[in-house]
Amino acid sequence: MGWLIQIIVNAVVLLIIANFFAGFEVAGFGAAILASFILAVVNLIVKPILVVLTLPVTIITLGLFMFVINAVTLMITAWVMGGSFVIDGFGIALLAAIIFALLSALIHSFIVDPITKR
């Protein structure tokens, strides 16, 4: 049940980001759900490999390089999705990764966690 909530929250965050940036486009809620699922799979398979390979850089930057890794996972998801999820460049992906992390954390701490702890 927790993974389904995470997929839905991520889809909502993707749609919110798509409404604020012209270079970040999602075709609709169905595409956002599919992109969120693909992003979860990419985070499960590819992200640990990237984290291990870039561990020295991540340590030197005190963890800020994780935003770059998150941007790469977003770009991989956009590549897999094709035309229904488009990111125009790496700068937009990096900005979206930062906002994605912030919005996801806010939604979980203020909405999801209080509901699930009842």
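Because the structure is a prediction, the values reported are computed rather than measured.
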What are the two closest non-hydrogen atoms of [X] and [Y], and how far apart are they?
X: Gln6; Y: Ser36; result: O-OG, 4.3 Å
X: Phe65; Y: Thr61; result: N-OG1, 3.2 Å
X: Asp88; Y: Val86; result: OD1-CG1, 3.8 Å
X: Ala97; Y: Ala71; result: CB-N, 3.7 Å
X: Leu15; Y: Gly28; result: CD2-O, 3.9 Å
X: Ala35; Y: Leu14; result: CB-CD1, 3.9 Å

* Do Thr54 side-chain atoms and Leu50 backbone N/O form a donor-acceptor pair below 3.5 Å? -> yes
Same hydrophobic cluster for [X] and [Y], using side-chain heavy-atom links shorter than 4.5 Å among ILVMFWY?
X: Val52; Y: Phe67; result: no
X: Val68; Y: Ile49; result: no
X: Leu94; Y: Phe21; result: yes
X: Val57; Y: Leu62; result: no
X: Leu64; Y: Ile59; result: no

Working to the nearest 0.5 angstrom, can you tell me the gap between [X] [atom1] and [Y] [atom2]?
X: Ile17; Y: Ile98; atom1: CD1; atom2: CD1; value: 10.5 Å
X: Phe37; Y: Leu4; atom1: CZ; atom2: CG; value: 11.0 Å
X: Phe90; Y: Met75; atom1: CZ; atom2: CE; value: 7.5 Å
X: Leu34; Y: Leu39; atom1: CG; atom2: CG; value: 11.0 Å
X: Phe100; Y: Ile16; atom1: CZ; atom2: CD1; value: 10.5 Å
X: Leu102; Y: Ile107; atom1: CG; atom2: CD1; value: 11.0 Å

Min side-chain heavy-atom separation [X]-[Y] under 4.5 Å:
X: Met66; Y: Val51; value: yes
X: Asn70; Y: Lys47; value: yes
X: Asn10; Y: Ser104; value: yes
X: Ile5; Y: Ile7; value: no

* Picking from Ile92, Leu95, Ile99, what satisfies side chain to side chain contact (heavy atoms under 4.5 Å, CB included) with Phe24? -> Ile92
* **Given Val41, Ile76, Thr77, the one that forms side chain to side chain contact (heavy atoms under 4.5 Å, CB included) with Val46** => Ile76
